[in-house]
Number of protein chains: 2
Amino acid sequence: MIEEHALFCNGKHHKMERFLEVCLLLLLYDEVGYGYGLIEKLVFFGFSEDELNVSTLYRTLRKMEKEDLVTSNWEEGGPGPRRRIYETTENGKNGLNQWIQILKVRKSRIEKLISRYDDLNIV
Amino acid sequence: MIEEHALFCNGKHHKMERFLEVCLLLLLYDEVGYGYGLIEKLVFFGFSEDELNVSTLYRTLRKMEKEDLVTSNWEEGGPGPRRRIYETTENGKNGLNQWIQILKVRKSRIEKLISRYDDLNIV
DNA sequence: AAGGACTATATGCATAAGGAATATAGCATC
DNA sequence: GATGCTATATTCCTTATGCATATAGTCCTT
């Protein structure tokens, strides 16, 4: 019984499409960052450290670089392993603006659905 | 320039994952429905008639039936082509309850992101 | 009644997002 | 120099979804 429900709502497929990408654009808007370090900052947006997939993060950053939303450089000196430091491009900043509009639409759709659900008056 | 931004935010990939599925569960919660007819009702949730992909709709309904979230029967009599009439199962109703919780989380994440974006004070 | 328009459902092909596992490599510390 | 940690990268796979196309019955018009 419970297992069936778990089956329905299980897994990791509750991410909003490209939401990670938008979070990254926002985090990099006014300060640079690197892959591993960004993970901690993503907690702010509700990503738990184990929920967030490291490979997804790196793949996303590289993809965003290809699309000229961010650029990267290897860190000069510094302790520990080398870090690839990312920063947002102008193009990325414009893209963020547009994504915010899209997210507002998403939000209002969710609100509509929830309020209609509440109207059902389920016991 | 504008084209590049369009490139970033173009296409149809701004759907929330499995959002359609949840809308269908809600629409079928207290009254039955069939594929084509559900399209009109989905407008309520922000799906424009051309935005909504018909094949996606039918495929989604069939998938939900496989997962025992809905059941279907061919309509008896009635004018026009035969319709496959869907209704929600108990399992589907429980699933909806769970999805609502997930959507509340999604919503709060979006809100957090938007408010942080507003804090940037972009001209 | 033949043709065309419309309703309704279904399927094959392709792409994109993202998870799991694994690989590589430098640095730290003992 | 062996072990463990930090950091980045890649391969394989599944899922969600769009586009195009197929099928078939009904209705309307001439």
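We name chains A, B, ... by the order of the sequence lines, and we start the count at 1 in each one.
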Figure out the [atom1]/[atom2] separation between [X] and [N], and round it to whole Å.
X	N	atom1	atom2	value
A:Leu57	D:dT6	CG	P	16 Å
A:Leu61	C:dA17	CG	P	14 Å
B:Met64	D:dA16	CE	C1'	14 Å
A:Ile39	D:dA9	CD1	P	13 Å
A:Arg18	C:dG18	CZ	P	8 Å
B:Glu67	D:dT14	CD	C1'	14 Å
B:Trp74	C:dA8	CH2	C1'	8 Å
A:Phe47	C:dG18	CZ	C1'	11 Å

Within less than 4.0 Å of OP1 or OP2 of [N], is there a side-chain N or O belonging to [X]?
X	N	answer
B:Arg82	C:dA8	no
A:Arg84	D:dT8	no
B:Tyr58	C:dT9	yes
A:Arg83	D:dA7	yes
A:Lys63	C:dA17	yes
A:Ser55	C:dG19	no
A:Tyr36	D:dT8	no

With a 4.0 Å cut-off on N to O distance, would you call B:Lys41 and B:Glu31 a salt bridge? yes
Does B:Lys104 come within less than 4.0 Å of A:Glu111, counting only side-chain N to carboxylate O?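 No.
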Between B:Val70 and B:Glu65, is there a side-chain heavy-atom distance shorter than 4.5 Å? yes
First of A:Thr60 and A:Pro81 reached from the 5' end of DNA chain C, by closest nucleotide: A:Thr60
Can you tell me if B:Thr89 uses its side chain to pair, donor with acceptor, with the backbone of B:Asp68 under 3.5 Å?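 Yes; judged by distance alone, with no hydrogens or angles, the pair exists.
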In terms of side-chain heavy atoms of A:Arg62, which of D:dA16, C:dA8, D:dA9 is nearest? D:dA9
Quick one: does A:Arg59 reach the base of C:dG19 with a side-chain donor-acceptor pair under 3.5 Å? yes
Heavy-atom nearest pair, A:Leu25 first then A:Gly95, reads CD1-C, 4.4 Å
